[in-house]
There are 2 protein chains.
Amino acid sequence: MNALHLTNQLCFPFYSISKEITKRYRPLLEPLHLTYPQYLVMLVLWEQDRIAMKEIGARLKLNSGTLTPLINKLIALGYIEKKRNPDDERHLVIQLTNKGLSLENEAQQIPEKLVEILGLTEEEYIRYQQMLAEFSMKLGLNDDATC
Amino acid sequence: MNALHLTNQLCFPFYSISKEITKRYRPLLEPLHLTYPQYLVMLVLWEQDRIAMKEIGARLKLNSGTLTPLINKLIALGYIEKKRNPDDERHLVIQLTNKGLSLENEAQQIPEKLVEILGLTEEEYIRYQQMLAEFSMKLGLNDDATC
DNA sequence: TATAATTAAATTGTACACAACTTAATTATA
DNA sequence: TATAATTAAGTTGTGTACAATTTAATTATA
(Lines give C-alpha, C1' and ligand atoms only; values in the text may rest on other atoms or scores of the structure.)
Protein backbone atom coordinates (compact mmCIF):
# COMPACT_ATOMS: atom_id res chain seq x y z
CA MET A 1 0.00 0.00 0.00
CA ASN A 2 1.23 3.48 -0.92
CA ALA A 3 0.66 5.64 2.15
CA LEU A 4 1.11 8.76 0.04
CA HIS A 5 -1.82 7.82 -2.20
CA LEU A 6 -4.66 10.33 -1.89
CA THR A 7 -7.25 7.63 -1.29
CA ASN A 8 -5.23 6.30 1.65
CA GLN A 9 -5.23 9.60 3.47
CA LEU A 10 -7.36 10.10 6.54
CA CYS A 11 -7.27 13.88 6.56
CA PHE A 12 -8.31 14.47 2.97
CA PRO A 13 -11.86 13.13 3.41
CA PHE A 14 -12.34 15.30 6.50
CA TYR A 15 -11.08 18.28 4.53
CA SER A 16 -13.23 17.72 1.45
CA ILE A 17 -16.36 16.61 3.32
CA SER A 18 -16.12 19.69 5.51
CA LYS A 19 -15.90 21.97 2.50
CA GLU A 20 -18.74 20.15 0.75
CA ILE A 21 -21.11 20.43 3.70
CA THR A 22 -20.26 24.11 4.12
CA LYS A 23 -21.13 24.57 0.45
CA ARG A 24 -24.48 22.87 0.95
CA TYR A 25 -25.24 25.11 3.90
CA ARG A 26 -24.88 28.20 1.73
CA PRO A 27 -28.37 28.28 0.17
CA LEU A 28 -29.92 27.49 3.57
CA LEU A 29 -28.08 30.33 5.29
CA GLU A 30 -28.43 32.88 2.52
CA PRO A 31 -31.95 33.98 3.60
CA LEU A 32 -30.47 34.71 7.05
CA HIS A 33 -27.57 36.62 5.45
CA LEU A 34 -25.13 34.38 7.31
CA THR A 35 -22.05 32.46 6.26
CA TYR A 36 -21.36 29.12 7.95
CA PRO A 37 -18.80 30.46 10.47
CA GLN A 38 -21.16 33.34 11.29
CA TYR A 39 -23.95 30.79 11.80
CA LEU A 40 -21.72 28.90 14.25
CA VAL A 41 -21.29 32.04 16.33
CA MET A 42 -25.06 32.51 16.35
CA LEU A 43 -25.54 28.87 17.45
CA VAL A 44 -23.25 29.46 20.41
CA LEU A 45 -25.14 32.61 21.39
CA TRP A 46 -28.57 31.01 21.01
CA GLU A 47 -27.29 28.36 23.40
CA GLN A 48 -25.88 30.89 25.85
CA ASP A 49 -26.20 34.64 25.51
CA ARG A 50 -23.95 37.32 27.03
CA ILE A 51 -20.71 35.38 26.98
CA ALA A 52 -17.18 36.61 26.44
CA MET A 53 -15.71 36.58 22.98
CA LYS A 54 -12.94 34.42 24.44
CA GLU A 55 -15.53 31.81 25.39
CA ILE A 56 -17.05 31.79 21.88
CA GLY A 57 -13.56 31.26 20.50
CA ALA A 58 -12.96 28.40 22.90
CA ARG A 59 -16.14 26.59 21.86
CA LEU A 60 -15.62 27.09 18.14
CA LYS A 61 -11.81 26.72 18.27
CA LEU A 62 -11.33 30.08 16.59
CA ASN A 63 -8.69 32.61 17.58
CA SER A 64 -9.15 36.37 17.73
CA GLY A 65 -7.71 36.88 14.26
CA THR A 66 -10.66 34.96 12.84
CA LEU A 67 -13.26 35.89 15.41
CA THR A 68 -12.81 39.67 15.58
CA PRO A 69 -13.91 40.28 11.98
CA LEU A 70 -16.69 37.66 12.32
CA ILE A 71 -18.08 39.44 15.38
CA ASN A 72 -17.83 42.81 13.65
CA LYS A 73 -19.78 41.46 10.68
CA LEU A 74 -22.55 40.18 12.96
CA ILE A 75 -22.69 43.59 14.65
CA ALA A 76 -22.98 45.24 11.23
CA LEU A 77 -25.85 42.86 10.45
CA GLY A 78 -27.55 44.00 13.65
CA TYR A 79 -27.67 40.52 15.20
CA ILE A 80 -25.36 41.13 18.18
CA GLU A 81 -23.83 43.87 20.31
CA LYS A 82 -20.54 43.96 22.15
CA LYS A 83 -19.59 45.78 25.31
CA ARG A 84 -16.76 45.56 27.80
CA ASN A 85 -17.25 43.64 31.02
CA PRO A 86 -17.08 46.36 33.74
CA ASP A 87 -15.50 43.84 36.15
CA ASP A 88 -12.72 43.08 33.68
CA GLU A 89 -12.34 45.51 30.84
CA ARG A 90 -10.27 43.02 28.88
CA HIS A 91 -13.35 40.87 28.25
CA LEU A 92 -15.83 41.68 25.52
CA VAL A 93 -19.32 40.51 26.38
CA ILE A 94 -21.31 39.53 23.30
CA GLN A 95 -25.06 39.89 23.47
CA LEU A 96 -27.86 39.11 21.03
CA THR A 97 -30.06 41.97 19.84
CA ASN A 98 -33.82 41.39 19.48
CA LYS A 99 -33.17 40.86 15.78
CA GLY A 100 -30.52 38.25 16.55
CA LEU A 101 -32.75 36.60 19.12
CA SER A 102 -35.71 36.28 16.77
CA LEU A 103 -33.47 34.95 14.02
CA GLU A 104 -33.43 31.66 15.91
CA ASN A 105 -36.99 30.99 14.79
CA GLU A 106 -35.99 31.34 11.15
CA ALA A 107 -33.09 28.96 11.75
CA GLN A 108 -35.23 26.20 13.27
CA GLN A 109 -35.75 24.21 10.07
CA ILE A 110 -32.12 24.43 8.92
CA PRO A 111 -30.86 21.23 10.62
CA GLU A 112 -33.62 19.04 9.17
CA LYS A 113 -33.24 20.63 5.74
CA LEU A 114 -29.52 19.95 5.84
CA VAL A 115 -29.98 16.27 6.72
CA GLU A 116 -32.37 16.04 3.79
CA ILE A 117 -29.86 17.74 1.48
CA LEU A 118 -27.13 15.36 2.67
CA GLY A 119 -29.44 12.41 2.01
CA LEU A 120 -29.01 10.78 5.40
CA THR A 121 -31.40 8.65 7.41
CA GLU A 122 -31.91 9.23 11.13
CA GLU A 123 -29.80 6.16 11.99
CA GLU A 124 -26.98 7.20 9.68
CA TYR A 125 -26.97 10.69 11.15
CA ILE A 126 -26.64 9.31 14.67
CA ARG A 127 -23.99 6.78 13.70
CA TYR A 128 -21.80 9.39 11.99
CA GLN A 129 -22.30 11.80 14.83
CA GLN A 130 -21.12 9.23 17.36
CA MET A 131 -18.09 8.34 15.30
CA LEU A 132 -17.19 12.01 14.98
CA ALA A 133 -17.71 12.69 18.68
CA GLU A 134 -15.39 9.79 19.45
CA PHE A 135 -12.78 11.10 17.05
CA SER A 136 -13.06 14.65 18.42
CA MET A 137 -12.53 13.22 21.88
CA LYS A 138 -9.38 11.43 20.75
CA LEU A 139 -8.04 14.70 19.36
CA GLY A 140 -8.87 16.46 22.61
CA LEU A 141 -11.21 18.87 20.85
CA ASN A 142 -13.88 18.50 23.52
CA ASP A 143 -11.64 19.47 26.41
CA ASP A 144 -13.15 22.80 27.23
CA ALA A 145 -10.11 24.83 28.16
CA THR A 146 -12.22 27.54 29.76
CA CYS A 147 -13.80 25.36 32.46
CA MET B 1 -33.45 17.54 21.60
CA ASN B 2 -32.44 20.98 20.41
CA ALA B 3 -31.32 20.57 16.81
CA LEU B 4 -29.64 23.97 16.92
CA HIS B 5 -27.36 22.90 19.76
CA LEU B 6 -23.73 22.87 18.69
CA THR B 7 -23.16 19.36 20.00
CA ASN B 8 -26.02 18.06 17.87
CA GLN B 9 -24.53 19.33 14.64
CA LEU B 10 -23.02 16.94 12.15
CA CYS B 11 -21.06 19.50 10.19
CA PHE B 12 -19.28 21.17 13.06
CA PRO B 13 -17.17 18.11 13.99
CA PHE B 14 -16.12 17.71 10.36
CA TYR B 15 -15.19 21.40 10.27
CA SER B 16 -13.23 21.43 13.50
CA ILE B 17 -11.56 18.04 13.04
CA SER B 18 -10.45 19.08 9.57
CA LYS B 19 -8.89 22.27 10.90
CA GLU B 20 -7.24 20.42 13.79
CA ILE B 21 -5.64 17.79 11.56
CA THR B 22 -4.41 20.49 9.18
CA LYS B 23 -2.84 22.20 12.16
CA ARG B 24 -1.08 18.98 13.18
CA TYR B 25 0.27 18.55 9.67
CA ARG B 26 2.00 21.93 9.87
CA PRO B 27 5.18 20.89 11.72
CA LEU B 28 5.47 17.78 9.53
CA LEU B 29 5.19 19.78 6.31
CA GLU B 30 7.32 22.72 7.40
CA PRO B 31 10.63 20.99 6.51
CA LEU B 32 9.25 20.51 2.97
CA HIS B 33 8.15 24.18 2.87
CA LEU B 34 4.62 23.04 2.05
CA THR B 35 1.21 23.98 3.40
CA TYR B 36 -1.44 21.26 3.57
CA PRO B 37 -3.25 22.23 0.33
CA GLN B 38 0.11 22.48 -1.44
CA TYR B 39 0.96 19.01 -0.10
CA LEU B 40 -2.31 17.69 -1.56
CA VAL B 41 -1.31 18.95 -5.01
CA MET B 42 2.05 17.21 -4.63
CA LEU B 43 0.31 13.95 -3.61
CA VAL B 44 -1.76 14.08 -6.80
CA LEU B 45 1.34 14.65 -8.92
CA TRP B 46 3.37 11.91 -7.21
CA GLU B 47 0.47 9.63 -8.10
CA GLN B 48 0.28 10.82 -11.69
CA ASP B 49 2.63 13.32 -13.26
CA ARG B 50 1.98 15.55 -16.30
CA ILE B 51 -1.72 16.03 -15.81
CA ALA B 52 -3.88 19.03 -16.57
CA MET B 53 -4.54 21.59 -13.89
CA LYS B 54 -8.24 20.90 -14.46
CA GLU B 55 -7.66 17.27 -13.49
CA ILE B 56 -5.86 18.23 -10.28
CA GLY B 57 -8.78 20.49 -9.45
CA ALA B 58 -11.23 17.66 -10.10
CA ARG B 59 -9.41 15.27 -7.76
CA LEU B 60 -8.97 17.80 -4.95
CA LYS B 61 -12.31 19.54 -5.53
CA LEU B 62 -10.64 22.91 -5.89
CA ASN B 63 -11.59 25.50 -8.48
CA SER B 64 -9.21 27.66 -10.44
CA GLY B 65 -9.53 30.59 -8.05
CA THR B 66 -7.93 28.44 -5.37
CA LEU B 67 -5.69 26.33 -7.55
CA THR B 68 -4.03 29.01 -9.69
CA PRO B 69 -2.20 30.68 -6.76
CA LEU B 70 -1.39 27.24 -5.27
CA ILE B 71 0.22 26.11 -8.52
CA ASN B 72 2.12 29.39 -8.83
CA LYS B 73 3.49 28.94 -5.32
CA LEU B 74 4.70 25.43 -6.11
CA ILE B 75 6.38 26.77 -9.24
CA ALA B 76 8.07 29.47 -7.17
CA LEU B 77 9.27 26.72 -4.81
CA GLY B 78 10.77 24.92 -7.80
CA TYR B 79 8.74 21.74 -7.31
CA ILE B 80 6.68 21.88 -10.52
CA GLU B 81 6.53 23.44 -13.97
CA LYS B 82 3.58 24.35 -16.14
CA LYS B 83 3.26 24.46 -19.88
CA ARG B 84 0.43 24.56 -22.35
CA ASN B 85 -0.73 21.36 -24.01
CA PRO B 86 0.16 21.87 -27.71
CA ASP B 87 -2.90 19.83 -28.72
CA ASP B 88 -5.20 22.09 -26.72
CA GLU B 89 -3.73 25.37 -25.63
CA ARG B 90 -6.48 25.81 -23.06
CA HIS B 91 -5.01 23.06 -20.90
CA LEU B 92 -2.08 23.65 -18.58
CA VAL B 93 0.02 20.54 -18.14
CA ILE B 94 1.62 20.37 -14.72
CA GLN B 95 4.88 18.50 -14.41
CA LEU B 96 7.17 17.70 -11.50
CA THR B 97 10.72 19.03 -11.58
CA ASN B 98 13.57 16.81 -10.34
CA LYS B 99 13.35 18.69 -7.08
CA GLY B 100 9.62 17.98 -6.84
CA LEU B 101 10.14 14.36 -7.77
CA SER B 102 12.79 13.75 -5.14
CA LEU B 103 10.69 15.49 -2.51
CA GLU B 104 8.56 12.34 -2.43
CA ASN B 105 11.32 10.55 -0.53
CA GLU B 106 11.30 13.19 2.18
CA ALA B 107 7.51 12.86 2.41
CA GLN B 108 7.52 9.09 2.91
CA GLN B 109 7.39 9.13 6.69
CA ILE B 110 4.72 11.82 6.95
CA PRO B 111 1.68 9.49 6.95
CA GLU B 112 3.00 7.31 9.76
CA LYS B 113 4.11 10.32 11.76
CA LEU B 114 0.66 11.83 11.41
CA VAL B 115 -1.09 8.68 12.63
CA GLU B 116 1.22 8.73 15.61
CA ILE B 117 0.45 12.39 16.27
CA LEU B 118 -3.27 11.69 16.02
CA GLY B 119 -2.86 8.81 18.48
CA LEU B 120 -4.66 6.20 16.39
CA THR B 121 -4.18 2.45 16.19
CA GLU B 122 -4.06 0.68 12.83
CA GLU B 123 -7.61 -0.67 13.31
CA GLU B 124 -8.98 2.74 14.27
CA TYR B 125 -7.34 4.32 11.25
CA ILE B 126 -8.94 1.77 8.92
CA ARG B 127 -12.33 2.01 10.59
CA TYR B 128 -12.43 5.81 10.34
CA GLN B 129 -11.19 5.70 6.79
CA GLN B 130 -13.98 3.33 5.77
CA MET B 131 -16.61 5.41 7.46
CA LEU B 132 -15.32 8.52 5.73
CA ALA B 133 -15.13 6.84 2.34
CA GLU B 134 -18.73 5.75 2.80
CA PHE B 135 -19.78 9.26 3.70
CA SER B 136 -17.86 10.78 0.79
CA MET B 137 -19.63 8.35 -1.50
CA LYS B 138 -23.01 9.44 -0.15
CA LEU B 139 -22.12 13.06 -0.87
CA GLY B 140 -21.02 12.11 -4.38
CA LEU B 141 -17.49 13.32 -3.74
CA ASN B 142 -15.95 10.25 -5.33
CA ASP B 143 -17.75 10.63 -8.64
CA ASP B 144 -14.82 11.58 -10.78
CA ALA B 145 -16.38 14.07 -13.14
CA THR B 146 -13.43 13.87 -15.50
CA CYS B 147 -13.76 10.16 -16.35
C1' DT C 1 -17.31 28.68 -42.85
C1' DA C 2 -18.66 32.58 -40.00
C1' DT C 3 -20.97 32.70 -35.54
C1' DA C 4 -22.40 30.79 -31.25
C1' DA C 5 -21.55 27.88 -27.42
C1' DT C 6 -18.37 25.70 -24.55
C1' DT C 7 -14.25 25.10 -22.02
C1' DA C 8 -9.81 25.93 -19.07
C1' DA C 9 -7.30 29.40 -16.63
C1' DA C 10 -6.90 33.59 -14.73
C1' DT C 11 -8.83 37.50 -12.26
C1' DT C 12 -11.67 39.95 -8.89
C1' DG C 13 -13.98 40.47 -4.64
C1' DT C 14 -15.40 38.68 -0.24
C1' DA C 15 -14.66 35.83 3.69
C1' DC C 16 -12.34 32.91 6.52
C1' DA C 17 -8.04 30.87 9.25
C1' DC C 18 -4.10 31.26 11.83
C1' DA C 19 0.69 32.57 13.44
C1' DA C 20 2.96 36.32 15.27
C1' DC C 21 2.75 40.64 17.21
C1' DT C 22 0.76 44.81 19.62
C1' DT C 23 -2.04 47.10 23.05
C1' DA C 24 -4.43 47.67 27.19
C1' DA C 25 -6.09 45.70 31.48
C1' DT C 26 -5.38 42.68 35.25
C1' DT C 27 -2.80 39.75 38.32
C1' DA C 28 1.41 38.02 40.47
C1' DT C 29 5.65 38.83 42.59
C1' DA C 30 9.88 40.81 44.26
C1' DT D 1 3.70 48.97 45.83
C1' DA D 2 6.45 49.38 41.64
C1' DT D 3 7.61 45.94 38.17
C1' DA D 4 6.98 41.71 35.77
C1' DA D 5 4.00 38.30 33.91
C1' DT D 6 -0.30 37.13 32.09
C1' DT D 7 -4.46 37.73 29.60
C1' DA D 8 -8.14 39.25 25.99
C1' DA D 9 -8.77 41.72 21.79
C1' DG D 10 -7.14 43.71 17.97
C1' DT D 11 -3.80 44.03 14.02
C1' DT D 12 -0.81 42.41 10.35
C1' DG D 13 0.69 39.30 6.91
C1' DT D 14 0.20 35.05 4.38
C1' DG D 15 -2.55 31.55 2.49
C1' DT D 16 -6.56 29.40 1.29
C1' DA D 17 -11.71 28.98 -0.57
C1' DC D 18 -15.17 30.04 -3.74
C1' DA D 19 -18.68 32.63 -6.64
C1' DA D 20 -18.76 35.39 -10.52
C1' DT D 21 -16.56 37.33 -14.33
C1' DT D 22 -13.09 37.70 -18.06
C1' DT D 23 -10.04 35.96 -21.63
C1' DA D 24 -8.42 32.94 -24.98
C1' DA D 25 -8.85 28.54 -27.31
C1' DT D 26 -11.69 24.99 -29.11
C1' DT D 27 -15.89 22.86 -30.67
C1' DA D 28 -20.64 22.91 -32.36
C1' DT D 29 -24.03 24.71 -35.30
C1' DA D 30 -26.62 27.47 -38.47
Side-chain angles (χ1 to χ4, degrees), chain A residues 11-12 14-27 29-30 33-41 51-77 80 82-94 145-146, chain B residues 11-12 14-27 29-30 33-41 51-77 80 82-94 145-146:
Chain A
C11 183
F12 179 63
F14 275 115
Y15 165 81
S16 60
I17 290 171
S18 169
K19 287 194 305 164
E20 177 66 20
I21 302 182
T22 302
K23 223 176 283 184
R24 297 196 187 186
Y25 258 113
R26 210 183 311 275
L29 295 176
E30 205 154 65
H33 306 292
L34 293 175
T35 63
Y36 182 67
Q38 290 163 13
Y39 173 66
L40 288 178
V41 174
I51 56 176
M53 180 169 147
K54 186 76 186 170
E55 173 65 20
I56 298 174
R59 297 197 193 184
L60 299 179
K61 320 292 174 198
L62 295 174
N63 71 17
S64 67
T66 304
L67 209 46
T68 297
L70 266 181
I71 293 289
N72 289 338
K73 187 64 203 293
L74 291 173
I75 292 170
L77 285 167
I80 63 172
K82 68 178 174 186
K83 48 186 174 184
R84 296 280 165 186
N85 179 347
D87 295 337
D88 187 340
E89 295 275 346
R90 288 172 306 180
H91 285 87
L92 269 186
V93 180
I94 309 298
T146 61
Chain B
C11 183
F12 180 63
F14 275 115
Y15 165 81
S16 60
I17 291 171
S18 168
K19 286 194 303 163
E20 178 65 21
I21 302 181
T22 302
K23 223 175 283 183
R24 296 195 188 187
Y25 259 112
R26 211 183 310 274
L29 295 175
E30 206 153 65
H33 307 292
L34 293 175
T35 63
Y36 181 66
Q38 291 163 12
Y39 172 66
L40 289 179
V41 173
I51 56 176
M53 180 169 149
K54 185 76 186 173
E55 173 65 20
I56 298 175
R59 296 197 194 184
L60 299 179
K61 320 291 174 200
L62 295 174
N63 72 16
S64 67
T66 304
L67 210 45
T68 297
L70 267 181
I71 293 289
N72 289 339
K73 187 64 204 293
L74 291 173
I75 292 170
L77 285 167
I80 63 172
K82 68 177 174 187
K83 49 185 173 185
R84 296 279 165 185
N85 179 347
D87 295 337
D88 187 341
E89 295 274 348
R90 288 171 306 181
H91 285 87
L92 270 186
V93 180
I94 309 297
T146 61

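All chains are named by letter (A, B, ...) in the order of the sequence lines, taking the proteins before the strands, and each is independently numbered beginning at 1.
- What you find for B:Ser18 and A:Phe14 is that their closest heavy atoms are CB-O, 3.8 Å.
- Atom-to-atom distance recorded for B:Ile17:CD1 and A:Lys61:NZ is 11.5 Å, nearest 0.5 angstrom.
- Taking B:Asn63 as the reference, B:Thr66 meet the side-chain contact (heavy atoms from CB on, under 4.5 Å) condition, with sequence neighbours excluded.
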Review point. Which dot-bracket string describes DNA chain C (Watson-Crick N1-N3 plus N6-O4 or O6-N4, or G-U N1-O2 and O6-N3, all under 3.5 Å; [ ] crossing; | other strand)?
Key: ||||||||||||||||||||||||||||||
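- Test B:Ile51, B:Ile56, B:Val41 against B:Ile94 for side chain to side chain contact (heavy atoms under 4.5 Å, CB included) and you get one pass: B:Ile56.
- Atoms CZ (B:Phe12) and P (C:dA17) sit 11 Å apart, rounded to a whole Å.
- Here D:dA17 presents its P atom at 7 Å from CG of B:Leu62, a figure rounded to the nearest Å.
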Mind listing the side-chain donor-acceptor pairs of residues 67-77 of chain B below 3.5 Å, one per line with the distance, residues two or more places apart or on another chain?
{"from": "B:Thr68", "atom 1": "OG1", "to": "B:Ser64", "atom 2": "O", "distance (Å)": "2.9"}
{"from": "B:Asn72", "atom 1": "OD1", "to": "B:Lys82", "atom 2": "NZ", "distance (Å)": "3.0"}
{"from": "B:Asn72", "atom 1": "ND2", "to": "B:Thr68", "atom 2": "O", "distance (Å)": "3.3"}

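- Across C:dA15, D:dT26, D:dG15, the shortest atom-to-atom separation from the side chain of B:Gln38 is found for D:dG15.
- Rounded to an integer number of Å, the gap from CG of A:Leu60 to C1' of C:dA15 is 16 Å.
- At whole-Å resolution of the value, CZ in B:Arg26 and P in C:dC18 are 8 Å apart.
- Taking A:Tyr36 as the reference, nothing meets the side chain to side chain donor-acceptor pair (under 3.5 Å) condition, with sequence neighbours excluded.
- Listed pair A:Tyr15 / D:dT16 fails the phosphate criterion, with no side-chain N or O lying under 4.0 Å from OP1 or OP2.
- Out of C:dT26, D:dA17, C:dC16, the shortest distance to the side chain of A:Lys19 is found at D:dA17.
- For the pair B:Glu30 CD and C:dC18 P, the computed distance is 16 Å after rounding to whole Å.
- Put simply, OH on A:Tyr36 is 17 Å from C1' on D:dC18, counting in whole angstrom units.
- The nearest whole Å value for the distance from the CG atom in B:Leu77 to the C1' atom in D:dT14 is 13 Å.
- Under the side-chain contact (heavy atoms from CB on, under 4.5 Å) criterion, B:Arg84 pairs with B:Glu89, B:Leu92, sequence neighbours left out.
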Check your understanding: Could you run down nucleotides 4-11 of chain C 5' to 3' and tag each one B, S or - for protein heavy-atom contact under 4.0 Å?
Key -> ---BSSBB
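- Taking atom CG of residue A:Asp87 and atom C1' of nucleotide D:dT7, one finds them 16 Å apart after rounding to whole Å.
- For A:Arg26, there are no side chain to side chain donor-acceptor pair (under 3.5 Å) partners two or more places apart in sequence or in a different chain.
- In terms of the side chain to side chain donor-acceptor pair (under 3.5 Å) criterion, B:Tyr15 has no residue partners (sequence neighbours excluded).
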